[in-house]
Amino acid sequence: MTIRPGSAFVNAVGSVVAVLVALLIGAVVIVISGQDPWEAYRSLAEGALGSRRGRAETLVYAAPLILGGLAFAVAARAGMFNVGIEGQLVIGGFAAALVGATDWGLPSAIHIPLAVLVAAIAGGVWGFIPGVLKAATGAHEVITTIMLNYLAFRLIIYSIQRRSDWLPVDDSVQGTERVLDTARLPIVLDATRLHAGVAIAFVAAFTIWFVLFHTTFGYKVRTVGLSEGAARYGGIRWGMTIAIAMALAGALAGLAGAGESLGLHGRHSAVPPGLGFTAIAVGLVGRNHPIGVIFSGLLFGLLSAGALTMQAEADVSRDIVLVLQGLVILAVAAFEAMNRLPWFRGLGTPKTPSGGDRASDTGMAPEIESRPAPPAI
Amino acid sequence: MAGITRLNARMNRRRVIAASGGTVLGAAIFGNLSVGSAQESDVTVTMVTDTAGVGDQNFNDLAVLGGDRAAEELGVTFNILESQTQADYSPNLAQGGETSDLTIAVGALLGDAVAEVAPQFPDKFFALLDGVVEQDNVYSVVFREHEGAYLGGVLSALVSQSGILGVVGGIRVPPVARYEVGFVAGARTINPDIEVLISYADSFEDPALGQELTLAQLNNGADVVLPIAGRTGVGSFDAVNEQGEGFWIMAGDTDQSHLAPGRQLAAIRKGVDVAFFDAAQAVVDGNFPGGTVDDLGLVEGGMDIYAFDATVDQSMLDTVAAYKQAIIDGVIVPPADDDALAAFVPTPLDGAATPAASPAATPAS
């Protein structure tokens, strides 16, 4: 393990320190608001970890954040800033709920995978569009993904309010009809809300880790993200790569939506959950590394799950958790900025030029093609 | 001791709405004001908010008002659990079920979660405001918003100079739709040619969007706007404030004149606080109406119109009172949904005031 700025180890330590600093500042905020920070944190931890149900809740809250964080990380590795996770997530959740609420007489063994697959495809399309637009026209993904968020919200509202004639939607609850039992992700722990969608999140994280660091495609994605010019020179099709990476990101967000509608709620509601925006923070704090995303997703899930107990027992407003999340992001950003200062870089002993996870980190030989770089798609 | 601190913390939160004097009026309307010394009670009541949360100046705050009154007059311990996302509903309700005798879910969107959690606590009581869950330990309260909104529509059409009104909605859940439909029907009764602009924010928590939508309506000629949008509606007050003279707001749910002094024409009252209080009282008295559904309108005092601005003259007040009586007597049945509105035939009462916008009216000075 190399100790140099930018290495995975230093990043991990940095994130942990950042979280501790954030908790410290958060304690000051709680004191200022007239409450006991020790009691607040104690009840938060107890709520999230102190009971079987609390631990289950932490995982339930973490699952969509991990998948959403992966959606951010995959796009970020390809050099794309994916602000469209919310839209990709809701369109996936909505599609899954529509499939899940339709009675074709399918057995669970077919109905569940079908609904999950449709969610991934729907989210994938929602991610693919900004990817293609960027590749083909150079349209900036921050703009297009935000616009696609609203498109997703409006499309869902429209479907619910106007298309009840041929879609299984119920405008009295502003959502889809309830997902049939054959399509509900099973509860894996009795008397909790822990559903099988949580397993999807962990499997996805390890899969993405493998894809990013142990496949040719992952190598292309990371190369494209580090330098478009170098990637082109190396014969990697830049446009194709970012479009596929964005589709993959969207599919991951779509899976998050599927977990919410098929596992947690049993229907998809028109009110956007906001998870897609928290997921950006999860990706950033996890340093866009799939394993890091697992930990940061668990942290954010823990905060959300514990906040409910904290507000009930310590009478600290649930909003303090939003403050904590904001502080964590700030602290991580500050650490990142510090990482770039010359004196800090000197602390390490850079044997190789510093930077993100280069190909050499994983011991893969760069893929070299001798033909000239083909044009983007 | 902890209980007292908690109560004090809560009391600080709702100072704004307390200033509007809703409690006294609410009690007067319902006539069950039990003045006097706070009794002691070991009953605990927990309120679970929807995602708009405490401070929406509207639906949630109205429920808090009822809870505070229950704490003061019945001596119950009153706790609030706020929800940030819909994923919080069922853990919050479960927390309420574990720690309190009565858990009150505020808002139609909590219906699913109530149906899921209430059976887990068969010996505890739950209440759902604005929605229906049919279970033995759940008491559901819905309101006939269209009856109150009808009166709001009548008054707005009387006052409007332009003959154009506006409705800014949050999310078109059935209670909001009933408001909208009733308002349109009332306005049409006074002025068949009236135009009602309708916009939805698709959110109960976006005041900036509420302001934008309201400004757009005002710029398109509307001069009275009814926001039915929770926290989003605060933006409507800002917009009317910004435009000033000649533009009016018709408040929904509760008197919010402090948000736009002198610009609130009247408020359509929805007895959320009283329903909340009554549910708490029923638990204290040991006769909780679990498994029943209450449907409250004008005749039960669950809806009303009040807090009139000085600009509303006596003839207008008389007209509103006449229509109110007609609804209570069943002479007029305001429509409750789109189909009923389409089939609704406006039947003006004889001798009622005429709209300002109609040619027959005397021109405004």
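Chain letters run A, B, ... following the sequence lines, proteins first, then strands; residues in each count from 1. Hydrogens, waters and symmetry mates play no part in the numbers below; they use all other heavy atoms, side chains included.
Across every non-hydrogen atom of Asp202(B) and Gln161(A), the tightest pair is OD1-NE2, 4.3 Å. Between Asp112(B) and Arg178(A), the closest heavy-atom pair is OD2-NH1, 3.0 Å.
Counting heavy-atom pairs closer than 4.5 Å to chain A, the top residue among Ser83(B), Ser90(B), Gly53(B), Ala177(B) is Ser90(B). Between chain B and the options Ile157(A), Leu264(A), Leu275(A), heavy-atom pairs under 4.5 Å are most frequent for Ile157(A). Comparing Thr51(B), Asn92(B), Thr85(B), Thr99(B) by heavy-atom pairs within less than 4.5 Å of chain A, the highest count is held by Asn92(B).
Contact annotation for residues 38-72 of chain A against chain B (heavy-atom separation below 4.5 Å, listed by residue number): Arg53(A), Glu57(A), Tyr61(A). For residues 165-173 of chain A, heavy-atom neighbours of chain B at less than 4.5 Å comprise Asp171(A), Ser172(A), Val173(A), sorted by residue number.
For a residue to count as touching a neighbouring chain, one of its non-hydrogen atoms must lie under 4.5 Å from one of that chain's; by this rule Leu322(A) touches chain B with the side chain only. Ser304(A) does not touch chain B: none of its heavy atoms, backbone or side chain, sits under 4.5 Å away. If you measure heavy-atom distances from Glu116(B) to chain A, the contacts under 4.5 Å come from the side chain alone.
Side-chain atoms of Gln86(B) never come within 3.5 Å of backbone atoms of Pro273(A) as a donor-acceptor pair (strictly under, hydrogens ignored). Remark: side-chain polar atoms of Glu82(B) are not paired, donor with acceptor, to backbone N or O of Ser317(A) under 3.5 angstrom. Arg193(A) places a side-chain N or O within 3.5 Å of a backbone atom of Ala87(B) that can act as its donor or acceptor partner.
Taking CG of Asn79(B) as the start and CD of Glu313(A) as the end, the distance is 11.0 Å to the nearest 0.5 Å.
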- Message: Please evaluate residues Leu81(B) and Arg318(A) with respect to the criterion side chain to side chain contact (heavy atoms under 4.5 Å, CB included), reporting the C-alpha separation (whole Å), side-chain torsions for both, the decisive distance (0.1 Å), and the verdict.
- Response: CA-CA 8 Å; Leu81(B) 297 178; Arg318(A) 197 184 180 330; over 6 Å; no
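Between Gln84(B) and Asp319(A), some side-chain heavy-atom pair lies under the 4.5 Å cut-off.
Within 6.0 Å of CG in Asp123(B) there are more than 12 heavy atoms belonging to other residues, nucleotides or ligands. Counting heavy-atom neighbours within 6.0 Å of Asp181(A) CG, excluding the residue itself, gives a total of 12 or less.
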